Amino acid sequence: MDEYALIMRHEDGSKIASPEQMQAWMKQTMDWIGGIAAQNKFVSGTGLLFADAKVVHHNKVVTDGPFGEIKETIGGFIVVRAESAEEAAGFAKGCPVLGGEGNTMEVRRIAKNDGTH
Amino acid sequence: MEQELIPHLFRTEYAKIVSVLARHFGFEQIEMAEDIAGETFLTAMQSWPMNGTPPNPVAWLYSVAKNKAKNQIKRQMLYREKVEPGLVNITGSTFEHEIDLTAQNITDSLLQMMFAVCNPVIAPEGQIGLALRILCGFGIAEIADAFLTNKETINKRLFRAKEKLRQEKIKIEFPAVATIEQRLDNVLTTIYLLFNEGYYSVNNDQTIRTELCFEAIRLCTMLAENPNTDQPRVSALLSLMYFQASRLNARLDKNGGLVLYDEQDTALWDTDMIGKGGYFLNRASTGDQLSKYHLEAAIAYWGTQKTDSREKWETILQLYNRLLQIEYSPIAALNRTYALSKANGKTEAIIEAEKLKLTNNHFYYVLLGDLYSGIDNLRARSNLKIALSLAKTPTDRQIILKKLSG
């Protein structure tokens, strides 16, 4: 069993949705995570806030963002246990961010810290 | 009168005497502490009927226990002087101290004993057995009854547990500040196991079940009363146990059969305990730590509210979503899916339930049977039949048969 990060890529929801809609998405996300946890496949979850986000550029210039120029910013990621990348992708399919057109889920196996890959 | 007084005092005072003595002499002398405490009560049983019950029975017990301990010390000193002269100076100092049976030392000793006994170096059933024997003053026969086994098995289990604690050189002391969080978690786990042993016991004897639940509550109360261990999650566990225990009388019918939640007579729910549950849930709501006990207590609170609103089930669903992220358990996964069916509908819950694959758990098939009923009754029946073939106790089989015939 490997661990996979399921990375949510979507717009800053608060820019396009009402607080009620945000709350509905929050419930759907909690139900999605709860469903994975009920299968004993949940490892951890990390939400990333858009507020105060910064981008540090190669010339060390710091700007606010990433907004505007990128539609698919990272909104957060959860880590799951899965037998294969396909199973992990199956978990990702249930994520409510996919309800928004242009949004994606990225599935990445997490490198083991023991020198193996 | 003595016939009732002595067993009562045994329950309340035995643990105190053993804990104080064991702390004085060290855990490796635990059997001696138990013997002295046991002999103290034997002396009471012989003396009180003849000479009358002393005006202050507890003080009498303490003073007899002290004297017996002093005699024991003298015998050991003598032994050491004669047999191990070189050791007298080393051990002499600890043996000269007076046995301290003041209220403060009793409380401290009991709490420290709790930390010594609830130690993951011994198996959970060993911890529960020792807790019942040493901290709750249960007799071997009573523990055997509670676990539906024989005295010999319990004796062996306790012996092994004590041996292990001696080998590991477990001391009766407060854990160091750096380790108290972890150690307190161990203690809470054992207390919760003890409670569940009573609440979900295979034993149909309501008295035994209730006693186990109340002993767990009593031990947890001691933790809440001591500033060193009075953490929000201790209150959360107390709240959880009070909410659950409030239904103890409603859960079983006259013949010891399990009464399902929906069919319980709410007039039998203990409102006093529900109130205590609420008090401790409030008390738990400080600090920034959300433990599984907080979530389970909040779920148990909703269990005391018989309304069937969508909001209620939505709240319960979200509590289970969070609980499962902290700690997975099959029962939480099943209950979460039930709440999902109430909050989001059966169709979604069936899809989620089919993913759980708890195929050796009869409750899983009971849940599937419930979810499919009214949607696909054939499937509902086939799931209930699998549940029946997997059910282990007559009570569980009875409930499934009732569903099958309904």
Side-chain angles (χ1 to χ4, degrees), chain A residues 1-8 13 17-49 75-99 105 107 110, chain B residues 290-292 294-296 298-299 302 309-361 363-368 370-371:
Chain A
M1 195 94 75
D2 283 313
E3 291 188 359
Y4 291 84
L6 311 183
I7 303 157
M8 292 165 248
S18 64
E20 291 75 27
Q21 182 61 55
M22 289 290 285
Q23 213 181 344
W25 284 340
M26 184 53 81
K27 168 183 162 49
Q28 288 169 4
T29 306
M30 292 321 285
D31 288 354
W32 170 60
I33 291 173
I36 295 168
Q39 297 171 62
N40 201 12
K41 295 291 178 73
F42 176 85
V43 179
S44 66
T46 307
L48 301 173
L49 299 175
F77 59 90
I78 70 165
V79 176
V80 300
R81 272 186 293 276
E83 296 290 353
S84 63
E86 284 68 32
E87 190 190 0
F91 289 137
K93 279 181 193 167
C95 182
V97 308
L98 295 177
M105 293 291 292
V107 178
I110 290 176
Chain B
L290 187 74
S291 68
K292 62 173 180 167
H294 285 87
L295 293 164
E296 287 190 65
I299 292 166
W302 283 104
S309 66
R310 180 111 187 257
E311 288 69 32
K312 166 181 164 176
W313 288 108
E314 174 58 28
T315 309
I316 294 175
L317 170 63
Q318 295 311 330
L319 289 166
Y320 273 120
N321 281 342
R322 292 167 86 171
L323 177 63
L324 282 158
Q325 290 174 53
I326 295 180
E327 189 178 274
Y328 168 84
S329 71
I331 189 75
L334 293 172
N335 286 335
R336 184 251 173 201
T337 312
Y338 182 75
L340 186 74
S341 79
K342 291 284 199 178
N344 294 10
K346 278 191 173 182
T347 321
E348 188 182 333
I350 286 172
I351 296 169
E352 292 297 308
E354 292 288 0
K355 292 180 190 165
L356 299 182
K357 301 202 166 42
L358 295 166
T359 47
N360 54 5
N361 186 325
F363 292 119
Y364 177 53
Y365 291 101
V366 172
L367 174 71
L368 282 170
D370 281 346
L371 293 179

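Given the structure is predicted, the values throughout are model-derived calculations rather than measurements. Within every chain, numbering begins at 1; the chains are lettered A, B, ... in the order of the sequence lines, protein sequences first and strands thereafter.
The CZ atom of Phe91(A) sits 8.5 Å away from atom CG of Leu6(A), with the distance rounded to the nearest 0.5 Å. Between Ile299(B) atom CD1 and Ile316(B) atom CD1 the span is 7.5 Å, to the nearest 0.5 Å. Remark: Ile350(B) CD1 to Leu368(B) CG distance equals 8.0 Å, nearest 0.5 Å.
Between Phe42(A) and Ile33(A) the shortest side-chain heavy-atom distance falls below 4.5 Å. Put simply, the side chain of Val43(A) does not reach to within 4.5 Å of the side chain of Val80(A), judged on heavy atoms. No side-chain heavy atom of Leu319(B) sits less than 4.5 Å from a side-chain heavy atom of Leu323(B).
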Which donor-acceptor pairs fall under 3.5 Å between chain B and chain A:
from, atom 1, to, atom 2, distance (Å)
Glu314(B), OE1, Lys27(A), NZ, 2.7
Glu314(B), OE2, Lys27(A), NZ, 3.3
Gln318(B), NE2, Asp31(A), OD1, 3.0
Asn321(B), ND2, Met30(A), O, 3.2
Asn321(B), ND2, Asp31(A), OD1, 3.0
Arg336(B), NH2, Asp31(A), O, 2.7
Asn344(B), OD1, Lys27(A), NZ, 3.0
Asn344(B), ND2, Asp31(A), OD2, 3.0

